[in-house]
Amino acid sequence: MKKLSLFALAAAGLFLGACSNDDSVNEAAQNAQDFTDGAFIGVSIQMPSAMAPTRANEDFDDGVASEYAVKDANLYIFSGADEASAKYVAQYQIGTTFVEDGGNNVTSTMNDATQISNELAEQITKSAATVKYYGYVILNNNGVDAVCDASTTFADFKARQWNKIGTPVAEGADPTAEGAFPNGLLMTNSPVSAEAGGAAAAPTTDDKYSTLVELDKTKIFATRAAAIAAPAACIFVERAAVKISVETATGANKVGTASDAPAIAFNNWQIVNFPDNYYNTRKVQAAWGDLASDATATDFSLWKDANKFRFVSGTAFAPQLPQPHTGPFRTYFAEDPTYNADVLLNRPQADVANHWIAMNIPGYTIENTFDVQRQKWGNTTQVCFKATIADGSDFYTLNGGDTFVADPQTTVTNLVSGLPAVKNALQTAIDNLVQADKDAWTTTGVEGKFGYTASVSVTFKDGAPTASKDNVELQATYTIAPKDGATDSHATAASATDDAAIKAALAAALPSYVVSFHKGGVAYYNARIQHFGEYETPWSISKPFQTVIPGTTIAQIYGTDPEATQRFLGRYGVVRDNWYKLTIDKVMHIGTAEPIDVSAEGKKDIPDDQIENYIAVHVHIIPWVLRYQSVNF
């Protein structure tokens with residue numbers, strides 16, 4: 001495959017600046033330069049050297065060329081004693097001329113030099129050793145608020161919330177088409193770690209992580225050529241977008257495993273449940289570095305040493321940071337603006353009329369993360385699949401079953417009529433009518449012919465549905481009539497007391513029978529997207545507190561803090577610059593007739609992990625981490 005080397009084949013992706021080992025210009029020579037005629041910082045964007053995957057779910061993929069396009073580029077310079085206290089100094093536009101590297105890579109290098117003010121050049125090169133200058137890059141701005149002034153600290157700047165990621169010209173548009181991303185995918189600095197995770201003990205303090213990249217004060221030059229030859233910094237950037245794609249395995253072509261199971265075809269999909277905004281710089285917590293999935297168990301079949309400290313990669317990518325560091329290393333999770341809150345997210349129910357994406361086309365969205373206590377339907381980004389079952393004919397199902405019901409009114413009528421509570425209420429009414437007739441016969445001394453029959457009828461309350469509908473509303477009525485030949489019966493209506501008892505029995509019975517109507521054979525399936533998933537946060541139903549049924553609590557599913565955080569934080573969610581590739585492996589049940597509203601009462605608080613599912617899905621994540629997820633419906 002042709003390598004698109006600007007990004008994430010090996011690490012955080014894009015490099016601005018110098019991945020050069022050229023030490024030909026020393027500080028003394030630099031400080032002697034005259035900047036009267038101009039000052040330049042060299043810019044070289046290069047891919048990191050490739051690294052072998054070290055974790056079960058750590059793969060890298062090129063994506064497509066349009067996802068690497070750079071329409072505009074800006075360098076922001078901050079200064080201070082450290083990253084936390086650094087303040088904005090200046091902003092400069094960077095060139096966007098890319099060169100294909102020998103035909104093997106696309107946009108793999110960018111050679112340019114950015115002119116800065118003479119005053120800033122003097123300020124940087126003559127500053128005290130304790131004063132540091134840092135670089136931050138925004139590629140493909142897309143109109144976000146990136147305006148700074150002298151009072152802007154980097155701490156404040158990186159906490160700004162943006163909502164534009166540079167999506168395709170239209171949702172569901174083919175990203176391989178010309179002009180698919182009119183403004184390019186927005187990219188900013190990627191936070192990295194100076195120490196490894198994976199099988200090693202990961203960093204646990206803030207000073208091991210960095211987002212800004214320190215500029216080499218000795219590499220500001222009076223000429224463009226010199227600046228191009230010895231760039232001042234390497235800045236690692238990542239896309240702000242999350243990428244999602246879906247496909248079906250060969251075994252996902254029928255519902256269930258029976259030989260006569262109906263065929264199913266998945267037609268479209270849609271991204272469900274995503275936030276409004278993201279922090280312009282991915283936010284990581286230092287404390288995550290010490291979390292390990294095997295905190296209380298050593299027998300997870302999917303757990304491997306390389307997955308142990310999951311929040312930081314175990315393999316460094318080039319270039320090396322200054323000694324004694326051995327990194328940098330990728331970081332693998334994020335804290336988004338809604339991380340600690342239950343909020344109503346965008347599109348909690350798939351829009352039936354709009355936003356559908358073809359199965360072979362990827363979609364893009366904003367990162368969405370949360371703590372373990374919020375690993376619930378209402379907080380989790382999901383994919384809603386739209387499928388057609390059998391030949392596309394209309395059909396009914398009863399109580400979520402997998403059998404087509406030709407005449408649900410008759411079927412439910414027969415079921416309700418046989419219920420003991422209903423039968424008893426009807427029989428009581430009949431007995432009372434018979435007794436009244438007996439009393440009348442005794443009074444007149446005339447032997448009468450009497451007796452009664454009762455029947456129940458269940459019908460659709462609003463008539464037969466014409467559009468797909470879950471929980472089609474039913475109504476039940478009853479009738480009491482004299483038996484054939486019962487010429488002397490005195491009444492055909494139950495007493496007020498008996499009438500109320502019969503109606504109460506019918507009302508109690510109806511909720512037990514839920515009818516769904518699938519217009520055109522359409523069914524919907526939701527799959528919640530995993531981030532670390534089974535490979536790095538294995539969830540086993542063999543553990544005592546995990547032997548649960550759908551609808552149980554988060555604590556029953558995952559345990560309680562701190563164990564739950566240690567083992568399961570990041571199991572679900574979507575993180576920027578990750579590509580989540582969902583594969584439907586098999587379909588176990590007929591889906592819903594309508595898209596599920598995951599924000600609805602009774603739905604939003606369902607834990608993400610459930611024993612009973614409608615589909616089996618596996619996710620693979622690529623940096624453009626690809627995260628595969630298998631889905632079983």
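If you take CG on Asn267 and OG1 on Thr388, they are separated by 4.0 Å, rounding to the nearest 0.5 Å. The NZ atom of Lys603 sits 5.0 Å away from the CH2 atom of Trp377 when rounded to the nearest 0.5 Å. Rounded to the nearest 0.5 Å, atoms CG (Asp276) and CD1 (Ile366) are 7.5 Å apart. Here the CD-OG1 distance, from Glu247 to Thr583, works out to 4.0 Å after rounding to the nearest 0.5 Å.
Below 30°, between 30° and 60°, or above 60°: for Tyr339 and Trp288 the angle between ring planes is between 30° and 60°, a tilted geometry. Ring planes of Tyr580 and His531: tilted class, angle from 30 to 60°. Note on ring orientation: taking the six-membered ring where Trp is involved, the planes of Tyr88 and Phe78 are perpendicular (angle over 60°, cut-offs 30° and 60°). Aromatic ring orientation, Phe157 versus Phe154: tilted (interplanar angle from 30° to 60°).
Not counting sequence neighbours, Asn163 has no partner by the side-chain hydrogen bond (donor to acceptor under 3.5 Å, both in side chains) test.
Two residues are said to be in side-chain contact when any heavy atoms from C-beta on lie closer than 4.5 Å; Thr188 and Arg576 meet this criterion. Residues Leu582 and Trp269 form no side-chain contact, since every pair of their non-hydrogen atoms from C-beta on lies 4.5 Å or further apart. At least one side-chain heavy atom of Asn280 sits under 4.5 Å from a side-chain heavy atom of Lys158. Using a 4.5 Å heavy-atom cutoff, the side chains of Phe370 and Asp608 are in contact.
Between the side chain of Asn368 and the main chain of Gly573, no donor-acceptor pair closer than 3.5 Å is present.
Using modelled atom types and a 3.5 Å distance limit, the side chains of Asn74 and Gln91 yield a donor-acceptor pair. Defined by atom type and a distance below 3.5 Å, a donor-acceptor pair is present between the side-chain atoms of Thr281 and Tyr136. A side-chain N or O of His355 and one of Glu171 form a donor-acceptor pair less than 3.5 Å apart.
Using a 4.0 Å cut-off between a side-chain N of Lys or Arg and a carboxylate O of Asp or Glu, Arg571 and Asp609 qualify as a salt bridge. Using a 4.0 Å cut-off between a side-chain N of Lys or Arg and a carboxylate O of Asp or Glu, Lys243 and Glu67 qualify as a salt bridge.
Geometric assessment of Arg528 against the ring of Tyr572 yields a negative cation-pi assignment under the 6.0 Å and 45° thresholds.
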Margin query: Phe329 vs Phe309, test: ring pair (Phe, Tyr, Trp, His ring centres under 6.0 Å). Steps then yes/no.
Written below: CA-CA 12 Å; Phe329 302 86; Phe309 295 97; over 10 Å; no
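Taking the six-membered ring wherever Trp is involved, the centroid distance between the rings of Phe181 and Tyr364 falls below 6.0 Å.
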